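Here's the structure we're looking at; comments come further down.
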Amino acid sequence: MFPLKENNTKLADEKYIQDKICHAIDNNKHFVFDAGAGAGKTYALVESLKHIISQYGEKLSKKNQNVLCITYTNAAADNIKSNFGNSDIVKVSTIHERIWELICLHQDALVIEHKKKINDELIRLEDDFSTNKAKDWLNSVSQGNKEKFEKHFLEPEVKNMFYTSTEHAANFKGILEEYGYDLNKNLGKFRDAVKYTYNSDRLNKCLESIKSGEYKEVKYNANFNSDRLHYMIISHDTLLEYALALCEKYPMLRRIIIDSYPYVLIDEYQDTNVRVVKLMNELAKESGGSQQLLIGYFGDQMQSIYSDGVSASLNQHHVGLLRIEKKYNRRSRNEIIDISNNLRNDGLLQESIYDNNIGGSFSFHQLVNQRPNDSANLVSEFIKRELSLASEDEVHCLVLKNEMLAELSGFKELFISFKDFFFFKEQAQKLISRDLNKLDGAIRIIFGLMDFRELIAKRNKTLEDILPKEKIAISMFDAEKYIAELDMLVNEKIDTFEAYLTELFLLYKNGSALFKNKLKELIPPSEFGYTLEGFYKLLNNDLPISKLIPEKKRLDKIKQVININLPDYIKWYEFVSETSNELTKFHTYHSTKGLEYNNVIIIMENSFAGSKSYFPDFFKDPNRPEFKERRNLLYVTCSRAVFHMRILYLDSIDSFKDDISSFFGKAQTFSITDDVNL
DNA sequence: ACCTTGTGAATTTTT
DNA sequence: TTCACAAGGT
């Protein structure tokens, strides 16, 4: 490796760009700093923070004011904090954390917003219901009978039965006939009518509780992704909604915020919610005279890959921003920059800041063979053939979907089987998040059991690692017996997760007190006890599997999942805990945002995001506005590599061969030989 | 022809 | 959960 040499002219220009930012800060001129991938945005942000501290730190300190630095993720906040060191003056956090801190004191105003939101929600429910045939069905009897119906179904026991039973016709036929309702072929209408009754009832009850003074406080829950308005709990989006409404309504709140934070720097502005920008715009309008304010946005509109981000419409929502651009790239070799430039269509083409920026490589490959059912061998063969790397070099393989990630990481069966239990958004995160707090509760228990197993399997365990946490007096004979028990758990014959569980519960029954204590730690005591059947019931109870599926069917699914081979579970464990020894690491395109890797393999395929031809459609007509997100996703993905990048397209590219070549050049072929076992 | 019911599949990520 | 679609009934 040769040392990279910066070009002096470019270096001077880079310095000049930073000076422009500082100048904007000095003159309270709100600005947006736009720079492509690998240009050093975070560096510029940190430099700007340093500038503010050195020039105005003392003044801010005296007035007890702070600099507000907003990031998109907690991880980014931690990153900036570590870049910057600790400062009492600069507050780095996500927008949600800080906004909530600013508005949670104003509960009176929040409750007013909340009432408004509930009333809007009631109107929406009513609107939806009025076009639903269920409404006619509900009104098909006398007013008195309708009221009896509503009263009956609002009884707690009936409510419970409604939600936990699929046998609606059998359970409710009698009572419905009594009220004059015809259930024949009207099951769907009946269900909708009851759900409407429940939804509007709980919102109305909440309004009453607010009125009576029982409910006085709105709470923000950052761990749950949707509002529970009737419990006075709001989630992320509604938090921003309320904050914006408050800022629009109350000049005093605007003044308080400006006075607390005269400098606001926003990282990754393209992903920032439009409401945040509107809020900033309100603050900007309020400032002036004695209340000076500076707002700086840092980001890249081409890297906007989430639909609720403000992206290119920043200027519409916050007018008159000074635009500062930087076109130099500090990350990648020229071969990579060329490809990512092909994807940019906003005129902000990058060039390396180095004079001798060579030594990278890129090529694009199409698959000659029929696409196999399992891509794992194919991909590892591709990497082996394409990148002849030193044996300790890591390769980072980027894929579109979590399912492919699981497949390539070796736990496809487990992923697909478990996915059935998580039908809602963020399903995959509940199962494969590296942040253990985000795992589903039941999945977390399974993870704990695998963690325990891996601890035993590794010979370098310490007693402290494997003993129960609770301190009790242990004789050396106790310890010896306990360890002998544990060794039985990693027996070769135990080849499925079910077999492992069976052994665990057998030991619980016959084993030492130490072991019992340990297992109680791993599986919290519950009504279901410590047996295999009990564990099925625990999962049945805890996993978010729809109660509308009959219990028998649910238990069958659970048994099927538990019966998957242990190697799948081990691969899954290694993925979640990031303990895999493999040199190839897998990521989704999305999750690599902001990161860089020396060697990148990109796996492309046709189908994504509900489209059977996500990429083909884009390549055939790349400038269609509705394909912006596809382009941006591809740009983010193709700008991660420092040295070497390969693309492998798994589906046929015949119908858009020429179109795609204008981005990636002519496709080379990749075929797999017969001796490789597919 | 229209309606109802059952079945199977579903994008990614953050707060 | 929500959507689309097939199957079956009126």
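Chain identifiers are assigned alphabetically (A, B, ...) following the order of the sequence lines, protein sequences preceding nucleic acid strands; residue numbering begins at 1 within each chain. All values below were derived from every heavy atom in this structure, side-chain atoms included, with hydrogens, water molecules and symmetry-related copies excluded. Bear in mind that the values here come from a model prediction, so they are computed numbers and not experimental data.
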Among [options], which nucleotide sits nearest the side chain of [X]?
X: A:Phe608; options: B:dT4, B:dT15, B:dT11; answer: B:dT11
X: A:Lys401; options: B:dT15, B:dT4, B:dT12; answer: B:dT12
X: A:Asn402; options: B:dT15, B:dT13, B:dT11; answer: B:dT13

Base, sugar-phosphate, or nothing for [X], non-hydrogen atoms under 4.0 angstrom?
X: A:Asn186; answer: sugar-phosphate
X: A:Asp308; answer: nothing
X: A:Leu400; answer: sugar-phosphate
X: A:Asn74; answer: sugar-phosphate

Would you say the rings of [Y] and [X] are close, in the sense that their centroids are separated by under 6.0 Å?
X: A:Phe575; Y: A:Phe415; answer: no
X: A:Phe615; Y: A:Phe663; answer: no
X: A:Phe172; Y: A:Phe153; answer: yes

* Asked: Is the NZ or CZ atom of A:Lys135 positioned over A:Tyr196's six-membered ring, under 6.0 angstrom from the centre and within 45° of the axis?
  -> no

* **Rounded distance in Å - CD1 (A:Ile99) to C1' (B:dT15)** => 12 Å

* To do: Test for a donor-acceptor pair under 3.5 Å between the base of B:dT14 and the side chain of A:Tyr72, counting only N and O atoms.
  => yes

* For C:dC5 versus B:dT11, give the span between their P atoms, rounded off to a whole number of Å. => 14 Å

* To do: Measure the CG-CG distance between A:Asn74 and A:Asn79 for me, rounded to the nearest 0.5 Å.
  => 12.5 Å

* To do: For DNA chain B, determine which residues of residues 408-416 of chain A have any heavy atom closer than 4.0 angstrom to one of its atoms, and list them numerically.
  => none

* **A:Lys438 side-chain N/O to B:dT13 phosphate OP1/OP2 under 4.0 Å** => no

